[in-house]
2 protein chains.
Amino acid sequence: MNIDEMLKQKQLKVTPQRKAILTVLERSESVLSAQELFREVLELLPGTNFSTIYRNLDTLLSRGLLCRIPRENGGDLYEIRREEGHHHHVICKGCGASIPVDFCPMETLNCQLEEYGFTPTEHHFEVYGLCSKCKKQHRIP
Amino acid sequence: MNIDEMLKQKQLKVTPQRKAILTVLERSESVLSAQELFREVLELLPGTNFSTIYRNLDTLLSRGLLCRIPRENGGDLYEIRREEGHHHHVICKGCGASIPVDFCPMETLNCQLEEYGFTPTEHHFEVYGLCSKCKKQHRIP
DNA sequence: CTGGGTGCAAAGGCTTTGCAGTGGT
DNA sequence: ACCACTGCAAAGCCTTTGCACCCAG
């Protein structure tokens, strides 16, 4: 599905700004912060405003077109929701690479919580550390 | 172990501010944001400054006396690291209650990452949703 | 044409930092 | 006495908001 169709399907207007935001996220191999996204959108569509980015991140998130990943030290990271389905991220503190992982802890936890009467709506699971490449650079065994 | 000993053991000076911060966190049944903590510390030790809180949250965190939990919409929550050991939180979006859970996804994931050459240093796992009490209030089945 | 969407500018909130002074050890 | 620690005030950063204009449907 292309970007225009994604937006229309969610009953959102197709504006150049939204197309730029989704294009950047689509092309990006890793997850992006709002500010990183903003800088990249500017290259694609100069003149785009801060607030447009923020407003649209909220909108696109609420329509389920994006995922949000809380960052280790404040702020959030965003990624486009691809068809591959639900996954989580292992993030290298050295190079910032975010490695997607299929494993989801909720598979184990869901039934336990159900017994308890708790209905989960969202969850976050991220792992931080060093990838093999960065371990070598930092000379960590 | 009492608070003074905790600080000394970490080679930190025992100041009234630090004692107040740890006391508040010790007494608190749920996790607190920096600002919530600040307000409560003020009652215990009026005149304490913002920056003292923030600086000490960093310090205490780096010495392993605290845990940090990324909040759903920006900011972090803090809790004192108790002896009970590692756990995670299920947080009710209705009443804010944070229910500790022993389950940790890293038990499953650790060996997979090791094969991959990735060394995890930190991880976050939180679940958000509605507890049974709040479901009734919100009239959600 | 009509409301959702955008740009602009300003405010807001939380957090960090520099500096001088204080207090723990 | 020394240096970690604190208070204060200011700056910093990211994010949100109000308002007028604009353009996609």
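So that the names make sense, note that chain A is the first sequence line, chain B the second, and so on, each numbered from 1.
- In this structure, B/Thr48 reaches the sugar-phosphate backbone alone: every heavy-atom distance under 4.0 Å involves primed, P, OP1 or OP2 atoms, never a base.
- Under a cut-off of 6.0 angstrom, the local environment of CD in B/Glu114 is sparse, with at most 12 non-hydrogen atoms contributed by other residues, nucleotides or ligands.
- Aromatic ring centres of B/His88 and A/His123: separated by at least 6.0 Å.
- Only at 4.0 angstrom or more do the heavy atoms of residues 28-46 of chain A sit from any atom of DNA chain C, so none qualifies.
- Between B/Phe50 atom CZ and D/dA11 atom P there is a gap of 17 Å when expressed in whole angstrom units.
- If you take CZ of A/Arg63 and P of C/dG4, they are 10 Å apart, rounded to a whole angstrom.
- Rounded to an integer number of Å, the gap from CZ of A/Arg55 to P of C/dA9 is 14 Å.
- Residue contacts shown for A/Arg18 are limited to sugar-phosphate atoms, with no base heavy atom under 4.0 Å away.
- When the shell of 6.0 Å around CG of B/Asp102 is examined, it contains 12 or fewer heavy atoms from other residues, nucleotides or ligands.
- Here C/dT15 presents its P atom at 11 Å from CZ of B/Arg68, a figure rounded to the nearest Å.
- When distances run from any side-chain atom of A/Tyr54 to the nucleotides D/dG7, C/dT16, D/dT16, the shortest one goes to D/dT16.
- Checked for salt-bridge contact, B/Lys19 and B/Asp4 meet the test: a charged N lies under 4.0 Å from a carboxylate O.
- The cluster map of Ile, Leu, Val, Met, Phe, Trp and Tyr, joined by side-chain heavy atoms under 4.5 Å apart, puts A/Leu77 and A/Phe38 in different clusters.
- A salt bridge does not link A/Glu40 to A/Arg27: none of the charged side-chain nitrogens sits closer than 4.0 Å to a carboxylate oxygen.
- Annotation: of the two residues near DNA chain D, A/Gly75 and B/Gln17, the 5′-most nearest-nucleotide partner is B/Gln17.
- A salt bridge links A/Glu122 and B/Lys93; the closest N-O separation between the charged side-chain nitrogens and carboxylate oxygens is under 4.0 Å.
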- Task: Apply side-chain contact (heavy atoms from CB on, under 4.5 Å) to B/Leu65 and B/Arg81, showing your working.
- Result: CA-CA 5 Å; B/Leu65 292 174; B/Arg81 179 170 264 162; 5.8 Å; no

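- Side-chain atoms of B/His124 never come within 3.5 Å of backbone atoms of A/Phe125 as a donor-acceptor pair (strictly under, hydrogens ignored).
- At a cut-off of 3.5 angstrom, the base of C/dC8 holds at least one donor-acceptor pair with the side chain of A/Ser51.
- Rounded to an integer number of Å, the gap from CG of B/Leu57 to P of D/dT6 is 12 Å.
- Look at CG on B/Asp76: it is 15 Å from C1' on C/dG13, rounded to the nearest Å.
- Rounding to whole angstrom units, CG of residue A/Asn49 and P of C/dA10 are separated by 13 Å.
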Close N or O pairs between protein and nucleotides 22-25 of chain C (under 3.5 Å):
| residue | atom | partner | partner atom | Å |
| --- | --- | --- | --- | --- |
| C/dT25 | OP1 | B/Val14 | N | 2.9 |

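- Taking atom CG of B/Asp58 as the reference point, atom P of D/dT6 lies 13 Å away to the nearest angstrom.
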